[in-house]
Amino acid sequence: MAKRKEPAPESFTGGFSRIPHAVLDSQAFIGLTDRGKSLLFALIRQHNGKNNGHLHLTNQWLASHGWRSASMNKQTIAELVERGLIVTTRLGGLNAGCNWYALTWLSISDFKELDISSSNYHKGAWGECKLPPTARRKPPEKQKKPSGDRNSTVPVIGTAKDSTVPVVGTKTALFPRIAVPVYGNNVFKPCTTSTERRKGKRIVGKSRKESAH
């Protein structure tokens, strides 16, 4: 009786996606941006073994897989097409549905409703990519020196305290003029206003002239 073959330790059940090592090691794939590589793996997820050429990258489907920026999706799809890893097999539009794509390391078994045929489908376009790596967006440069124009009471570097002593020498603060003179013993005589001078002390029962004597 033949022994039952046990599964390999690293085997698993269920569906999976495959991509040849030759593609992973190619200039087309290595030169992709990180977003391009991630989007390519998301597209491979749609392939079921017989629908190459009928794969789509609609914004609704991409959003369900975490790709929520329509402008970035469009830019990344264009990168995959430019580097020959995918090819557009049908152009969509108004009342025409969405664009369809094919993975260029796989054959197309069903050309129905496609804009290309078996005679002009270029399988293996990924291997002919001679483009340099796609330019990455540069991260913002760190400011080398802190700006001294900050409108803040806290110093840019460290903690400082305002000194009450002048930088050079010792100076006396300015105060209102005092009543006692600085030199001599002059007598201080308060000033009287013109209104007070006009007012004389009046005794009840006497006239103003009599009060003056």
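Counting Ile, Leu, Val, Met, Phe, Trp and Tyr side chains that sit under 4.5 Å apart, directly or through other members, Leu94 stands alone, with no cluster partners. Taking a 4.5 Å side-chain heavy-atom cut-off between Ile, Leu, Val, Met, Phe, Trp and Tyr, the cluster of Val87 extends to Trp100, Ile108, Phe111, Leu114, Ile116, Tyr121. The hydrophobic cluster containing Leu91, built from Ile/Leu/Val/Met/Phe/Trp/Tyr side-chain heavy atoms closer than 4.5 Å, comprises no other residue.
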Give the C-alpha distance, both sets of side-chain angles, the deciding distance and a yes or no for side chain to side chain contact (heavy atoms under 4.5 Å, CB included) between Ile86 and Leu40. CA-CA 8 Å; Ile86 65 174; Leu40 181 62; 4.0 Å; yes
Can His54 and Glu113 be said to form a side chain to side chain donor-acceptor pair (under 3.5 Å), step by step? CA-CA 9 Å; His54 297 257; Glu113 299 180 1; 5.6 Å; no
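With sequence neighbours excluded, the residues satisfying side-chain contact (heavy atoms from CB on, under 4.5 Å) with Leu24 are Ile19, His21, Phe29, Phe41. For Lys50, the side-chain contact (heavy atoms from CB on, under 4.5 Å) partners two or more places apart in sequence, or in a different chain, are Asn48, Ser109. Considering only residues two or more places apart in sequence or on other chains, His47 meets the ring-ring contact (aromatic ring centres under 6.0 Å, His included) condition with none of them. When the side chain to side chain donor-acceptor pair (under 3.5 Å) test is applied to Lys37, no partner is found at least two apart in sequence or on another chain. Evaluation of the side-chain contact (heavy atoms from CB on, under 4.5 Å) rule for Ser117 yields Ser119, Asn120 as partners, not counting sequence neighbours. Ser107 meets the side chain to side chain donor-acceptor pair (under 3.5 Å) test with Lys123; sequence neighbours excluded. Checked against side-chain contact (heavy atoms from CB on, under 4.5 Å), Pro133 has the following partners two or more places apart in sequence or in another chain: Arg136. Take Gln46 and apply the side chain to side chain donor-acceptor pair (under 3.5 Å) test, not counting sequence neighbours, and it matches no residue.
One distance of note links CG of Leu80 with OG1 of Thr33; it measures 8.0 Å at 0.5 Å rounding. Remark: Leu43 CG to Ser17 OG distance equals 9.5 Å, nearest 0.5 Å. The distance from atom CE of Met72 to atom CG of Leu39, rounded to the nearest 0.5 Å, is 10.5 Å. Summarising the geometry, atom CZ belonging to Arg35 is positioned 13.0 Å from atom OG1 belonging to Thr134; distances are rounded to the nearest 0.5 Å.
In this structure, the side chains of Glu128 and His122 come closer than 4.5 Å at one or more pairs of heavy atoms. Using a 4.5 Å heavy-atom threshold, the side chains of Leu131 and Glu82 count as touching. Here the side chains of Asp115 and Thr88 are not in contact, with every heavy-atom distance at 4.5 Å or above.
Although no hydrogens or angles enter the test, the distance criterion places a donor-acceptor pair under 3.5 Å between the side chain of Arg83 and the main chain of Gln27. The backbone N or O of Ala102 sits nowhere less than 3.5 Å from a side-chain atom of Asn52 that would complete a donor-acceptor pair.
Of the candidates Leu85, Thr89, Ile77, Ile77 is the only one forming a side chain to side chain contact (heavy atoms under 4.5 Å, CB included) with Tyr101.
When all heavy atoms of Ala22 and Trp126 are compared, the closest pair comes out as O-CZ3, 3.5 Å.
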Determine all donor-acceptor pairs shorter than 3.5 Å in which one atom belongs to a side chain in residues 55-66; sequence neighbours excluded.
| residue | atom | partner | partner atom | Å |
| --- | --- | --- | --- | --- |
| Thr58 | OG1 | Trp61 | N | 3.2 |
| Ser64 | OG | Trp61 | O | 2.5 |
| His65 | ND1 | Trp61 | O | 3.1 |

